[in-house]
Structures are given as C-alpha cells and as structure tokens.
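Every chain is numbered from 1, with letters handed out A, B, ... down the list of sequences. Because only heavy atoms are used, hydrogens play no part in the values below, and waters and symmetry mates are left out as well, while side chains stay in.
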Number of protein chains: 2
Amino acid sequence: MKSSDASEDKSSPKAAIVIQSPAGDKVCPHNNRVSCASCRLSELCLPIALNKSEIQQLDDIVERNRPYKKGDHLYRQNDGFKSVYAVRSGSFKSYVLSDNGQGRVTGFYLPGEIIGMDGIASKHYQNSTQALEHASICEIPFSQLERLSHQLPNLQHHFFAIMGNEIAKDQQVHTLLSSYTAEERTASFLLGLSSRFARVSLSPTRFLLPMTRSDIGEYLGLTVETVSRIFTALQRKGLVDVNNREIELKDIDGLRGIIGSNQAKS
Amino acid sequence: MKSSDASEDKSSPKAAIVIQSPAGDKVCPHNNRVSCASCRLSELCLPIALNKSEIQQLDDIVERNRPYKKGDHLYRQNDGFKSVYAVRSGSFKSYVLSDNGQGRVTGFYLPGEIIGMDGIASKHYQNSTQALEHASICEIPFSQLERLSHQLPNLQHHFFAIMGNEIAKDQQVHTLLSSYTAEERTASFLLGLSSRFARVSLSPTRFLLPMTRSDIGEYLGLTVETVSRIFTALQRKGLVDVNNREIELKDIDGLRGIIGSNQAKS
DNA sequence: TGCTGGACTTAATCCAGATCAATATATACA
DNA sequence: TGTATATATTGATCTGGATTAAGTCCAGCA
C-alpha cells in the first residue's frame with residue numbers, strides 16, 4: 001500500500017529489515033533458547049507428529065548455537081558430515097564451487113526447512129552452506145537423530161517423509177531446468193518462494209528476497225542479466241511489483257499461467 | 001517358466017534381447033525366485049550391511065512379481081504410494097508428462113538401484129515409471145520396510161543412506177543442468193552410466209544404451225538432434241565409438257577432460 | 001561527506017542449441 | 001516377409017539467452 005514508507009527516514013532503521021519475524025512475536029526470532037515444544041515452527045519441522053514426551057526427547061538432542069551473521073558458513077563442501085540443521089530464523093543458501101571459483105547455487109532454505117541431508121550417504125557434505133542474512137539454527141547431530149528415530153517410530157516415519165519430500169522437490173527442479181524457459185523458471189521460482197513464505201505465516205504476496213539476483217540466476221541456470229530482465233518484463237505485464245529486493249506478487253494466477261503456457265501449445 | 005503350458009495360441013515367444021546378464025549366470029536374470037541372500041546384487045541393494053538373519057527378515061517382506069515387458073509401467077504418476085522397488089534386472093525410466101503429452105525423463109534405473117522414493121512424502125508417486133526392456137523387480141512394501149527398519153537399526157541406517165545418496169545425486173544433476181553445455185552433459189551422462197554398469201560387474205567401456213536418444217535428451221534438457229550430433233562429435237574426436245545403441249568409451253580420461261574444461265577457463 | 005565496491009539494470013551483439021526439414025535405418029507386427 | 005512405425009542422423013536456419021559493455025544505485029565506512 002504505502003510504497004514510500006522507506007523514504008521518510010532512510011538513515012536509521014536497521015533492525016526493520018528482519019522481515020522473517022511475524023509481528024507480535026514476543027521473543028527475538030533469533031532467540032536460541034526456545035524449546036521444540038514452544039517453537040512456532042514445530043508444525044513444519046521435525047516435531048510434527050510427535051507427542052509431548054517424544055518432543056522432549058528430540059529437544060534434548062538439539063543444539064542451539066549462537067546466531068549466524070550474513071555470510072557465515074554452516075559447513076563447507078567436503079567437511080565431515082555430522083549434523084542436519086533446521087532453520088529457525090533467517091535464510092541460507094547451498095552452493096558448489098567449480099575449480100575456477102564460480103559457484104552454482106543448489107538450494108535456498110527458509111525457516112522450518114532442513115539442511116544437510118546431502119551429506120548422509122557419503123559422510124561428507126556435498127556443498128557449502130551459508131547464511132544469507134542474520135539467522136539461527138537448530139543443529140541435530142545425525143547419529144543421535146538415528147538413535148532416537150530407532151526408539152520413536154513416529155520420528156523415523158517423519159524423517160523418511162522429510163527426505164522423500166526433498167527427493168520429490170529435486171525432481172521437480174530437474175524438470176524445471178530441463179524444459180522451462182527463463183520466464184517460466186523465474187515465475188515458478190517466485191511462486192515457490194511465495195508458498196514457502198506462506199507456510200511460515202508470512203505474506204505470500206509481499207516479501208523481501210533474501211538472495212541476490214546472481215544467486216537466483218545460479219540456482220535457475222540463468223545469468224544475472226536475464227533474471228533482471230525477466231523481473232522487469234513480469235513487472236511490465238503487471239504480474240509483479242519489483243523494488244530492489246522487495247517483491248509483490250500482484251497476479252498469482254497470471255504467474256501460474258506463464259508456467260502453464262509451457263504446456264499449452266499443441 | 002519354460003515348461004510350456006497346454007495353451008499355445010497366446011502370443012508368447014519373445015525373450016532374447018537381454019543384454020544386462022553377465023555370461024555364466026546359471027539362472028535367468030529375470031528369475032523371480034532368487035532370495036536376497038543369494039542375489040548377486042545384494043552388495044548394492046538393501047541387504048548390504050545386514051547379517052544373515054536380518055537378510056532373511058528382509059527377504060520375507062520382498063515381493064517378486066512376474067517380469068515386466070518393455071513399456072510396462074511399474075506405476076503411474078499420482079498412483080497411491082505403496083512400495084519402493086529394487087531393480088533386479090533390466091532397466092527403467094521415470095518421467096513426468098506435461099499437459100500436452102510431452103514427457104520429461106527424470107531418471108534411469110539400473111540393477112541394484114531403488115525406485116519410487118519420490119512418493120514417500122506425498123503418498124503418491126510423482127512420476128510414471130516404465131521398463132525400458134524386459135526387466136524384473138523386487139517390490140518392497142514401504143510400510144513393512146518401515147516396520148522392519150524400526151527393528152533393525154542397520155536397515156534404518158542403510159535406508160537413510162540410500163535416500164541421502166539420491167538427494168546428493170539429484171543435486172549434482174541440478175548443477176549439471178544449470179551450468180553445463182550440451183557436450184559436457186552428454187559426456188557426464190556417459191561416464192555416469194559407465195560407472196553404474198561397472199557397479200553391476202558389466203563392462204564400463206562397452207555397453208548397450210537401454211534408452212533412446214530422445215529419452216537421453218529429455219533427461220539432459222536437450223533435443224534428440226543435439227544428442228545425436230554430440231554423439232557424432234565425440235566419435236569424431238575419438239572419445240567414443242557409437243553404433244546405434246552400442247557404445248564404446250575409448251578414452252575415459254578424454255571424456256572427463258570435456259567436463260573439466262568447463263572449469264578451466266580463468 | 002565523500003569514497004568504494006557490490007548489486008542491479010539496460011542495451012547491443014553473438015552463438016549454442018532449438019527448430020524445421022528431409023532422409024535413413026531398425027524394429028515390430030500383420 | 002514385407003510394410004508401417006518408431007528411432008536416428010544430418011543439414012539449414014532461427015532464436016532465447018549468454019556475453020559484452022556501460023552505466024546507475026546503493027550500503028558500508030574511513
């Protein structure tokens with residue numbers, strides 16, 4: 001609505017950019033003392049489908065470290081695999097580095113999502129993962145998670161489901177990358193973000209991108225320039241409103257239509 | 001099996017194109033009575049890391065159905081998820097269909113590999129999967145696998161590893177699709193097949209492709225024409241010898257070099 | 001307060017791979 | 001066994017997005 005609120009006082013409000021925290025939260029979103037039982041993400045994260053005492057057992061193995069600053073690494077490619085991580089606040093990106101130093105982003109992670117499962121099989125993380133903004137994490141040592149899963153069938157079941165979900169998502173991305181145009185990929189990316197923000201009770205139509213255009217391009221297999229151009233084009237079509245990192249989706253169905261049009265041609 | 005029944009007017013006489021069977025195997029590779037304990041794929045499949053009695057318990061929940069003919073479906077997109085499947089012989093492809101009927105291949109599966117994990121989370125398969133040639137399968141009802149995993153920590157651990165491996169592989173494909181050229185993708189695809197054939201004791205340098213050029217193109221995000229042209233180009237460079245479905249890799253390091261060259265530019 | 005370097009945008013040109021088209025070869029099937 | 005239908009190859013042309021280039025707009029900070 002008021003698109004000019006930033007122009008009134010541009011010098012002071014730094015804390016205001018923490019957009020991942022729904023208004024009304026009593027505690028700082030990066031607070032590291034919140035328990036699984038009281039965590040507002042428990043419905044998305046591992047505790048779902050566990051009963052009170054089971055949640056307590058999970059809570060006992062979770063390690064809540066100090067918050068991460070923008071750019072801090074959770075782990076680096078080839079580090080020994082030790083834990084999976086649940087995002088509590090903020091956001092992360094995973095990327096692999098080719099020999100020339102050019103990276104390719106393999107994933108973005110928002111609150112309630114699980115990071116690090118790519119290391120389970122080989123016992124080494126396959127990518128590097130760093131915070132895109134101030135962020136906090138629940139670290140779950142994997143050997144303890146396995147032990148607990150063995151005791152709690154519900155937890156085993158749920159972790160199988162979490163991994164299965166990751167596999168299903170990755171296959172969708174495969175299809176996206178192998179057959180969608182730049183515009184379709186970008187529209188799909190925005191819609192995906194939108195529903196992930198909605199999951200954590202944030203607006204599905206107005207949000208701040210935690211990542212750069214370059215990150216998006218690397219993730220979608222496009223260049224920065226193309227991402228930028230597509231944003232402009234989508235804006236001209238009246239589907240979105242883009243203002244630097246600030247995104248407003250003005251016509252969700254229109255965006256869906258862009259993806260659908262891929263399949264519309266006889 | 002071969003003892004012919006009284007009814008001979010059924011059209012039955014086809015079973016010769018089986019290339020995946022190492023010479024000297026005493027039993028037909030599609031034999032559906034082989035137990036996990038005696039299966040020559042046990043070192044790749046679920047039984048690995050289980051002891052004798054554990055393997056027996058796994059064996060008890062495995063269902064060995066009749067072999068699949070080329071084109072037969074294991075399951076179709078949106079079917080209710082019930083089982084994961086281990087390929088015993090032959091090969092399969094998974095694909096999703098866009099509304100216009102054009103498919104995109106999401107994966108190929110060789111002996112010892114596990115199919116169907118994309119359905120675990122949503123309880124519905126996310127793709128359709130069909131045999132690329134005469135093939136046989138071990139069906140493992142997932143609810144029983146979960147129950148057994150709960151009793152056997154080794155099995156739980158191993159299935160977590162199998163799923164983690166799938167996730168790691170999918171992320172490599174993500175990188176492949178988002179940043180490799182057509183030639184790099186194709187070289188990488190051939191090398192990948194090569195090591196998967198090696199895993200099942202087949203030649204890593206001479207093999208038959210079970211899939212069409214079109215399947216390969218859909219998987220790699222390329223057109224048939226491009227795949228065909230790249231094959232010709234690789235042959236001209238002396239890296240491979242292509243004869244219809246018959247492939248010989250003549251210079252593995254050369255092929256690796258093609259992929260490496262992606263990263264060589266300063 | 002002005003400097004510096006990263007992030008973003010826009011435009012001009014180029015090229016890898018798509019598309020279109022024609023033909024050749026293999027495989028299935030009557 | 002021959003014919004129909006998938007599969008594969010090859011060439012000519014087109015085009016979406018990369019590349020190159022030249023900026024603008026910031027936020028961080030000495």
> Is the count of non-hydrogen atoms from other residues, nucleotides or ligands lying under 6.0 Å from A/Arg76 atom CZ greater than 12?
Replying inline: no
> How sharply is the helix from C/dT1-D/dA30 to C/dA30-D/dT1 bent, taking the axes over five pairs at either end and rounding to 10 degrees?
Replying inline: 40°
> What does B/Gly221 touch in the nucleic acid at a heavy-atom separation under 4.0 angstrom: a base, only the sugar-phosphate, or nothing?
Replying inline: sugar-phosphate
Can you tabulate the close N/O pairs, meaning under 3.5 Å, that link protein atoms to atoms of nucleotides 11-15 of chain D?
unit_1, atom_1, unit_2, atom_2, d
D/dG11, N7, B/Arg229, NH1, 3.0

> Under 30°, 30 to 60°, or over 60°: which ring-plane class applies to A/Tyr75 and A/Tyr125, parallel, tilted or perpendicular?
Replying inline: parallel
> Considering only heavy atoms, which members of residues 237-248 of chain B lie under 4.0 Å from some atom of DNA chain D?
Replying inline: B/Asn244, B/Arg245
> Using a cut-off of 4.0 Å on non-hydrogen atoms, how would the nucleic acid contact of B/Thr223 be classed: base, sugar-phosphate, or nothing?
Replying inline: base
>> Looking at A/Arg206 and A/Glu248, is there a salt bridge between them, counting it only when a charged N and a carboxylate O are closer than 4.0 Å?
In response: yes
> Rounding to a whole Å, what distance do you find between A/Lys70:NZ and D/dG28:C1'?
Replying inline: 11 Å
>> From the set D/dT9, C/dA18, C/dT9, return the single nucleotide nearest to any side-chain atom of A/Val224.
In response: C/dT9
> When B/Phe108 is tested against each of B/Thr106, B/Leu110, B/Val105 for side-chain contact (heavy atoms from CB on, under 4.5 Å), which residue passes?
Replying inline: B/Val105
> Are B/Glu183 and B/Lys237 within salt-bridge range, i.e. N to O under 4.0 Å?
Replying inline: yes
> Does one side chain, of B/Gln235 or B/Asp241, offer a donor that lies under 3.5 Å from an acceptor on the other?
Replying inline: yes
>> Tell me the interatomic distance from A/Leu234, atom CG, to C/dT9, atom P, rounded to whole angstroms.
In response: 12 Å
>> With a cut-off of less than 4.0 Å, is there a side-chain N or O of B/Thr226 near OP1 or OP2 of C/dA18?
In response: yes
> What integer distance in Å separates B/Glu183:CD from C/dG17:P?
Replying inline: 9 Å
